[in-house]
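To start, the structure under review is shown below, and the notes come after it.
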2 protein chains.
Amino acid sequence: MIFRLNQSSGIPLYLQLMEQVKHAVETGALREGDQLPTIRKVAEDLVMNPNTVVRAYRELEHEGVLELKHGSGAFIKESGGGRAGVIRKARAVVQSAVERLMLLGLTEDELRRAFENELAQARAKTAIGKSSRG
Amino acid sequence: MIFRLNQSSGIPLYLQLMEQVKHAVETGALREGDQLPTIRKVAEDLVMNPNTVVRAYRELEHEGVLELKHGSGAFIKESGGGRAGVIRKARAVVQSAVERLMLLGLTEDELRRAFENELAQARAKTAIGKSSRG
DNA sequence: CAATGTGTACTAGTCTATCGATACACTATA
DNA sequence: TATAGTGTATCGATAGACTAGTACACATTG
């Protein structure tokens, strides 16, 4: 597992790290039980402070993506039954929707707004309120 | 046009303002040429600094939602052909997609991620890159 | 021109997010 | 028990976001 950061993107380093771990999990590059690179190793490789890596790992733990074991390391956590499969299906749905939306000639911002609006609506109606898998 | 802010929501006041103006435009409560409430009036009504209102209005101008006329006021701008109608159609598409996704049991975060991923894909392939209508 | 209403520009304070330095505590291994 | 490898905790520096105070410039009306 190797990470690549864009120092000048304006996106916080710890978020970039989180993003890459999540992506690796979703694509299957990282599986349940796999150990992630050491905090110190990542920090060294990417020439950054260990604390920043800690932040990424801790948030990922809080989201239920991985588990930190004091003195041992960081490990990918079971995400609960064919979650990866579900996410793949979801992608298909989203993809077709996005395609149709682009045909309507919406800008990316408008598209995102429409999405967020719906999400807010849905949140109000249903019980998906709890964000993340905590 | 009356605005309502949530001081303790953690969401920046100027963003809340922007949100409400956009929503009013999308629902038709505000139409092309309509004058928005004065910067000072909004600031007074909501007990906040005029500069914060300015920020909201300026960003909306930058996004092409309204137009600021020095000495005259702020006015809703034509958004180009039946844009409102298009946006309404888009909403329907998004709504059905979101509903299906929720049935899959995705959390809000996962849903958002899937959406952003697709958006990034689409951006790479097509020419919708330019965000906002500027 | 005067008066009033409008947006604009400049400056500064405060708070938070982000990242870093460093020392501590747990675990595994021999 | 010693040692090396791992995550943890606490504090500080810095930059940027957000909001505010105040004075300026333009437009409209009479």
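In what follows, chains are A, B, ... by sequence order, proteins preceding strands, each numbered from 1. Note that these values count all heavy atoms, side chains included, but never hydrogens, waters or copies made by symmetry. As the structure is a computational prediction, the values presented were derived from the model and not from experiment.
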> Between B:His70 (NE2) and D:dT28 (C1'), how many Å, whole number?
Replying inline: 13 Å
>> Measuring to OP1 and OP2 of C:dG5, would you say a side-chain N or O of B:Ser72 lies under 4.0 angstrom away?
In response: no
> Can you check the B:Leu17 CG to D:dC18 P distance for me, whole Å?
Replying inline: 13 Å
>> Can you identify which nucleotide, out of D:dG7, D:dC18, C:dT18, has its nearest atom closest to the A:Arg55 side chain?
In response: C:dT18
> Rounded to the Å, how far apart are B:Asn49 CG and C:dG7 P?
Replying inline: 14 Å
>> When you measure only distances, ignoring hydrogens and angles, does the side chain of A:Arg40 come within 3.5 Å of the base of D:dG7 through a donor and an acceptor?
In response: yes
> To the nearest angstrom, how far is B:Glu59 atom CD from D:dA17 atom C1'?
Replying inline: 11 Å
> Does the distance from a Lys or Arg side-chain N to an Asp or Glu carboxylate O, for A:Glu116 and B:Arg112, drop under 4.0 Å?
Replying inline: yes
> Quick one: is D:dA20 close enough that its OP1 or OP2 comes under 4.0 Å of any side-chain N or O from B:Thr52?
Replying inline: yes
> Nearest nucleotide by nearest heavy atom, which residue falls closer to the 5' end of DNA chain C, A:Pro50 or A:Lys69?
Replying inline: A:Pro50
> Atom CD1 of A:Ile39 to atom C1' of C:dC19: distance rounded to whole Å?
Replying inline: 15 Å
> Atom CD of B:Gln16 to atom P of D:dC18: distance rounded to whole Å?
Replying inline: 12 Å
> How many Å lie between CG on A:Leu13 and P on D:dG16, as a whole number?
Replying inline: 13 Å
> If only side-chain N and O atoms of B:Tyr14 are considered, is one of them under 4.0 Å from the OP1 or OP2 phosphate oxygen of D:dT19?
Replying inline: no
>> Expressed as a whole number of angstroms, how long is the span from A:Phe75:CZ to C:dT27:P?
In response: 13 Å
> Is A:Glu32 close to A:Lys77 at the side-chain level, that is, under 4.5 Å between some pair of heavy atoms?
Replying inline: no
Could you give the side-chain donor-acceptor pairs of residues 4-18 of chain A under 3.5 Å, partners two or more places apart or in another chain?
from	atom 1	to	atom 2	distance (Å)
A:Asn6	OD1	A:Ser8	N	3.1
A:Asn6	OD1	A:Ser8	OG	3.2
A:Asn6	OD1	A:Ser9	N	3.3
A:Ser9	OG	A:Asn6	O	3.2
A:Ser9	OG	A:Ile11	N	3.1
A:Ser9	OG	A:Gln16	NE2	3.2
A:Tyr14	OH	A:Arg55	NH2	3.2
A:Gln16	OE1	A:Asn6	N	2.8
A:Gln16	NE2	A:Asn6	O	3.0
A:Gln16	NE2	A:Ile11	O	2.8

> B:Leu66 and side chain to side chain contact (heavy atoms under 4.5 Å, CB included): which partner among B:Glu59, B:Gln35, B:Glu61?
Replying inline: B:Glu61
> Nearest to the side chain of B:Ala74, which nucleotide is it out of C:dC19, D:dT19, C:dG7?
Replying inline: C:dG7
>> Tell me whether A:Arg113 is salt-bridged to A:Asp109, with the criterion being a basic N under 4.0 Å from an acidic carboxylate O.
In response: no
